[in-house]
Amino acid sequence: MNATYTVRSVEETWAVAAQLAPVLTPGRVIALTGDLGAGKTTFMQGLGIALGIRRPVTSPTFTLSVEYPTPRFKLVHMDLYRLSGPDDLLAIGFAEHIESGAVVAVEWPERAAALIPQDAIHISFTLTDAEDERMIEISSK
């Protein structure tokens with residue numbers, strides 16, 4: 001899946017996320033990159049809705065990791081912003097989540113270095129010059 005979208009609202013961001021939901025399989029990693037406020041957590045909220053999660057999806061900035069059961073697999077949302085490197089990621093159970101068949105969505109994946117698998121789905125969020133407009137680029141191998 002390789003695509004670029006221009007979104008101008010929360011609902012449009014959720015619609016893009018909903019397109020990703022059906023192609024996710026257990027053990028897959030999603031790497032979310034973008035500046036603070038670029039839409040990563042909003043995207044995850046839309047993904048949660050599309051996957052049938054019944055409780056609000058929130059940013060795991062302070063908890064580092066939040067788990068959500070779905071009918072197909074467990075979704076793990078991790079925020080690495082406050083981590084210092086790959087060793088910290090291993091300490092909070094990254095490898096175990098993947099091995100358990102969870103889909104693991106990682107914000108700030110650059111802090112994980114080589115731990116992000118080659119076949120990860122990369123989603124980048126870019127603010128544009130237009131107010132409330134963002135570019136979402138999805139790429140995977």
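Note that these values count all heavy atoms, side chains included, but never hydrogens, waters or copies made by symmetry.
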Using modelled atom types and a 3.5 Å cut-off, is there a donor and acceptor pairing between side-chain atoms of [X] and backbone atoms of [Y]?
{"X": "Arg134", "Y": "Phe125", "value": "no"}
{"X": "Trp14", "Y": "Phe43", "value": "no"}
{"X": "Thr128", "Y": "Glu133", "value": "yes"}
{"X": "Lys40", "Y": "Asp35", "value": "yes"}
{"X": "Arg28", "Y": "Gly101", "value": "no"}

- Item | Enclosure of Glu131 CD (heavy-atom neighbours >12, cutoff 6.0 Å) | no

- Query: Around atom CZ of Arg54, are there more than 12 heavy atoms of other residues, nucleotides or ligands at under 6.0 Å?
  - Reply: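 Check fails, neighbour count at 12 or below.
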
Do [X] and [Y] touch side chain to side chain, with heavy atoms closer than 4.5 Å?
{"X": "Leu80", "Y": "Glu110", "answer": "no"}
{"X": "Leu36", "Y": "Tyr81", "answer": "yes"}
{"X": "His77", "Y": "Val57", "answer": "yes"}
{"X": "Thr33", "Y": "Pro109", "answer": "yes"}
{"X": "Ile138", "Y": "Val16", "answer": "yes"}
{"X": "Val29", "Y": "Ile121", "answer": "no"}

Using every non-hydrogen atom in the two residues, find where [X] and [Y] come nearest and quote the distance to one decimal.
{"X": "Leu32", "Y": "Ala105", "value": "CD1-CB, 4.1 Å"}
{"X": "Thr58", "Y": "Tyr68", "value": "N-OH, 3.1 Å"}
{"X": "Asn2", "Y": "Ser139", "value": "OD1-CA, 2.9 Å"}

Under 4.5 Å between side-chain heavy atoms, hopping through other hydrophobics if needed: is there a path connecting [X] to [Y]?
{"X": "Val66", "Y": "Leu24", "value": "yes"}
{"X": "Leu51", "Y": "Val10", "value": "no"}
{"X": "Val104", "Y": "Leu90", "value": "yes"}
{"X": "Leu115", "Y": "Ile98", "value": "yes"}

Got a second to check how far [X]'s [atom1] is from [Y]'s [atom2], nearest 0.5 Å?
{"X": "Ile53", "Y": "Gln45", "atom1": "CD1", "atom2": "CD", "answer": "11.0 Å"}
{"X": "Glu107", "Y": "Ile123", "atom1": "CD", "atom2": "CD1", "answer": "10.5 Å"}
{"X": "His122", "Y": "Ser140", "atom1": "NE2", "atom2": "OG", "answer": "9.0 Å"}

- Query: Does the side chain to side chain contact (heavy atoms under 4.5 Å, CB included) test come out yes or no for Val76 and Ser65, once each step is laid out?
  - Reply: CA-CA 7 Å; Val76 178; Ser65 176; 3.5 Å; yes

- Just do the side chain to side chain contact (heavy atoms under 4.5 Å, CB included) check on Ile30 and Leu20 with the steps written out, would you? CA-CA 10 Å; Ile30 305 168; Leu20 179 64; 4.2 Å; yes

- Message: List the residues meeting side chain to side chain contact (heavy atoms under 4.5 Å, CB included) with Glu12, not counting sequence neighbours, and say none if there are none.
- Response: Val7, Arg8, Ser9

- Task: Begin with the C-alpha distance, continue with both residues' side-chain angles, and end with the deciding distance and a verdict on side chain to side chain contact (heavy atoms under 4.5 Å, CB included) for Val106 and Phe94.
- Result: CA-CA 10 Å; Val106 180; Phe94 178 73; 3.8 Å; yes

- Item | Steps toward side chain to side chain contact (heavy atoms under 4.5 Å, CB included) verdict (Thr13, Ile136) | CA-CA 8 Å; Thr13 302; Ile136 301 174; 4.1 Å; yes

- Without hydrogens or angle criteria, can the side chains of Tyr5 and Gln19 be said to hold a donor-acceptor pair below 3.5 Å? yes

